[in-house]
Amino acid sequence: DAMVIQNPRYQVTQFGKPVTLSCSQTLNHNVMYWYQQKSSQAPKLLFHYYDKDFNNEADTPDNFQSRRPNTSFCFLDIRSPGLGDAAMYLCATDTGTGAYNEQFFGPGTRLTVL
Amino acid sequence: GDSVTQMEGPVTLSEEAFLTINCTYTATGYPSLFWYVQYPGEGLQLLLKATKADDKGSNKGFEATYRKETTSFHLEKGSVQVSDSAVYFCALPISSGSARQLTFGSGTQLTVLP
């Protein structure tokens, strides 16, 4: 089945130690998104790629970076995680065309910062 | 700007009770509207959608009607089950750079008791 895969499902890191989260998709979608979801809150968009075109949200901290080496993969890099970065990180995709397209979400990576 | 407002939660119901979760939106034009569901520890799944006024989206016994006159997209189910316990998000796509990001309501935690 076509899907969005996130690895790992659970990630533990230490304060200040860089960490990379991975997302891959078999849907061949043009757009890949990264959301941060803190406990009991709605997902908040960090940035997205439309093909190779990177779009950063204005309030996304500089500590968060992303890479998309090809259509299938997208990475979220947190350069120096703080305690406040502990959250669920969700990857999503869509076709990028049309007004009605839904986004397809991965299962998420839960990040713990010690 | 475009936004969605979702009823405050949490909601606790007995099995087979009737469910309504209110969602109202503010938008330019007539965007698609979505309901997503998030089961514990998982990513978001699309529950249903409506792409134009008076459309009714339905899935797994849940329904929502896109009402232009009241700018609403309330989620209903006639008889909830324990397995429906989850967080429900109303969502609206808004233009973001080259793509359309989703803006979410605050989420409603539903707990169904046997």
Side-chain angles (χ1 to χ4, degrees), chain A residues 1 3-7 9-10 21 23 25 27 29-60 68 74 87-110, chain B residues 1-11 21 23 27-53 55 57 59 66 86-111:
Chain A
D1 288 340
M3 55 198 306
V4 181
I5 302 159
Q6 290 188 246
N7 286 305
R9 293 291 309 275
Y10 301 90
L21 309 183
C23 177
Q25 54 131 342
L27 298 160
H29 281 171
N30 295 322
V31 190
M32 295 186 78
Y33 303 83
W34 278 105
Y35 290 86
Q36 180 192 62
Q37 186 181 26
K38 295 191 175 180
S39 182
S40 302
Q41 295 183 20
K44 178 180 178 298
L45 184 66
L46 295 172
F47 26 58
H48 73 269
Y49 273 95
Y50 195 123
D51 292 331
K52 293 184 183 294
D53 181 25
F54 177 70
N55 295 267
N56 198 33
E57 293 302 300
D59 56 356
T60 298
R68 190 179 185 185
C74 195
M88 175 79 90
Y89 290 88
L90 298 167
C91 176
T93 73
D94 73 33
T95 62
T97 60
Y100 312 132
N101 48 294
E102 66 190 79
Q103 289 187 14
F104 294 81
F105 283 81
T109 295
R110 181 164 297 282
Chain B
D2 293 3
S3 64
V4 290
T5 301
Q6 200 171 327
M7 69 182 286
E8 297 296 323
V11 174
I21 301 176
C23 173
T28 308
Y30 303 107
S32 299
L33 295 169
F34 303 96
W35 276 101
Y36 279 84
V37 59
Q38 187 174 31
Y39 297 101
E42 297 186 12
L44 275 68
Q45 301 173 27
L46 180 69
L47 180 60
L48 54 84
K49 69 179 181 182
T51 59
K52 60 183 187 295
D55 253 8
N59 186 26
Y66 188 155
V87 181
Y88 293 81
F89 292 97
C90 186
L92 169 73
I94 58 175
S95 293
S96 173
S98 53
R100 288 178 179 269
Q101 69 160 294
L102 288 176
T103 187
F104 292 92
S106 54
T108 300
Q109 171 76 58
L110 171 66
T111 302

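Each chain gets a letter, A, B and so on, in the order its sequence line appears, and its residues count up from 1.
Neither the backbone nor the side chain of B:Q109 comes within contact range of chain A; no heavy atom of the residue lies under 4.5 Å from a heavy atom of that chain. Both the backbone and the side chain of B:L102 have a heavy atom closer than 4.5 Å to some heavy atom of chain A. With a threshold of 4.5 angstrom between heavy atoms, A:Q6 does not approach chain B through any atom at all. For a residue to count as touching a neighbouring chain, one of its non-hydrogen atoms must lie under 4.5 Å from one of that chain's; by this rule B:Y36 touches chain A with the side chain only. Only the backbone of A:Q41 comes within less than 4.5 Å of a heavy atom in chain B; its side chain stays farther off.
Sequence neighbours left out, not one pair with a member in residues 101-111 of chain B passes salt bridge (charged side-chain N to carboxylate O under 4.0 Å, His left out).
A perpendicular orientation is assigned to the rings of B:F104 and B:F89, their planes being inclined by more than 60° (bins at 30° and 60°).
Legend: residues meeting ring pair (Phe, Tyr, Trp, His ring centres under 6.0 Å) with B:Y88, ordered by chain and number and at least two apart, are B:F62.
Between A:Y35 and A:F105, the ring centre distance stays below 6.0 Å.
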Discussion item. Under the criterion salt bridge (Lys or Arg N to Asp or Glu O under 4.0 Å), I'd like the reasoning laid out for A:K44 against A:D59: C-alpha separation, chi angles, the key distance, then a yes or no.
Written reply: CA-CA 10 Å; A:K44 178 180 178 298; A:D59 56 356; 3.3 Å; yes
